[in-house]
Amino acid sequence: MPLLRFDFVEGRTDAELQALLDAAHRAMLAAFKVPVGDRYQLVHEHPASRMIVEDTGLGIARTKRVVFLQVTTRPRPQTQKQEFYRLLVAELEKSCGISPSDVVVSMVTNADEDWSFGHGRAQFLTGEL
């Protein structure tokens with residue numbers, strides 16, 4: 001955990017997708033200090049006409065390579081979140097050629113009781129995690 005949900009315009013190859021997911025995982029490991037095997041990633045591809053990501057009046061130019069990432073996570077310090085944003089755009093630009101202007105991130109925070117990793121138990125509450 002965290003859970004990373006990616007939304008983007010369809011058309012990436014499997015290799016491009018793998019590079020994108022790996023880059024995001026590296027950024028998450030470095031920023032959030034979670035175990036290497038803590039990897040939960042969902043990909044949602046959309047026709048270009050079904051994905052609108054504008055600039056919120058900031059003058060940020062977007063392309064068809066835009067990536068919208070929603071991160072569902074336990075509470076984290078502001079510094080960790082900012083480090084994740086910084087590392088994420090650096091990794092995506094270096095590994096995938098995705099411009100930092102094409103990366104939008106939203107953090108959704110929840111609590112320990114909001115997670116069950118299987119077997120009908122809340123492992124953060126039971127002490128298993």
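This one's a predicted model, so the numbers in the text were calculated from it and none came from an experiment.
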### Message
Checking side-chain contact (heavy atoms from CB on, under 4.5 Å) between R65 and each of V9, D102, L20, which is the one that passes?
### Response
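So, applying the side-chain contact (heavy atoms from CB on, under 4.5 Å) to R65 and each of V9, D102, L20, only D102 qualifies.
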
Nearest heavy-atom pair of [X] and [Y]: which atoms, and what distance?
{"X": "T72", "Y": "W115", "result": "O-CZ2, 3.7 Å"}
{"X": "V67", "Y": "R12", "result": "CG2-NH2, 3.7 Å"}
{"X": "A61", "Y": "S101", "result": "O-OG, 3.2 Å"}
{"X": "L29", "Y": "P35", "result": "CD2-O, 3.5 Å"}
{"X": "M51", "Y": "H46", "result": "SD-CD2, 3.9 Å"}

Within the distance-only criterion (no hydrogens, no angle test), does the side chain of [X] pair as donor or acceptor with the backbone N or O of [Y] below 3.5 angstrom?
{"X": "Q123", "Y": "G118", "answer": "yes"}
{"X": "T109", "Y": "R74", "answer": "no"}
{"X": "H25", "Y": "V36", "answer": "yes"}
{"X": "S106", "Y": "Q70", "answer": "no"}
{"X": "T56", "Y": "L58", "answer": "no"}
{"X": "Q41", "Y": "L21", "answer": "yes"}
{"X": "E93", "Y": "A90", "answer": "no"}
{"X": "E91", "Y": "A27", "answer": "no"}
{"X": "N110", "Y": "D114", "answer": "no"}

[X] side, atom [atom1]; [Y] side, atom [atom2] - distance, nearest 0.5 Å:
{"X": "L88", "Y": "R26", "atom1": "CG", "atom2": "CZ", "answer": "10.5 Å"}
{"X": "E83", "Y": "K33", "atom1": "CD", "atom2": "NZ", "answer": "7.0 Å"}
{"X": "M28", "Y": "L69", "atom1": "CE", "atom2": "CG", "answer": "10.5 Å"}

### Query
Does a side-chain heavy-atom distance below 4.5 Å link F6 with L42?
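No. Closest side-chain heavy atoms not under 4.5 Å.
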
### Query
Do the non-hydrogen side-chain atoms of E16 and C96 ever get within less than 4.5 Å of each other?
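They are not in side-chain contact.
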
ILVMFWY cluster, [X] and [Y] together (side-chain gap under 4.5 Å):
{"X": "V43", "Y": "V105", "answer": "yes"}
{"X": "L3", "Y": "V34", "answer": "no"}
{"X": "I60", "Y": "I98", "answer": "no"}
{"X": "F68", "Y": "L4", "answer": "no"}
{"X": "M107", "Y": "V53", "answer": "no"}

### Query
Are the aromatic rings of F84 and F32 close, with centres under 6.0 Å apart?
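For F84 and F32, the ring centres are under 6.0 Å apart.
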
### Message
Do Q18 and D22 pair up side chain to side chain, a donor and an acceptor below 3.5 Å, judged on atom types alone?
### Response
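Yes, D22 and Q18 have a side-chain donor paired with an acceptor closer than 3.5 Å.
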
### Query
Within a reach of under 6.0 Å around CD of E128, are more than 12 heavy atoms found that belong to other residues, nucleotides or ligands?
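Buried by this count: over 12 neighbours within 6.0 Å.
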
### Query
Are more than 12 heavy atoms from other residues, nucleotides or ligands located less than 6.0 Å from atom CD of E113?
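Yes, CD of E113 has more than 12 neighbouring heavy atoms, counting only those of other groups under 6.0 Å.
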
### N-O pairing of R62 and D55 below 4.0 Å
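No, no charged N to carboxylate O under 4.0 Å.
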
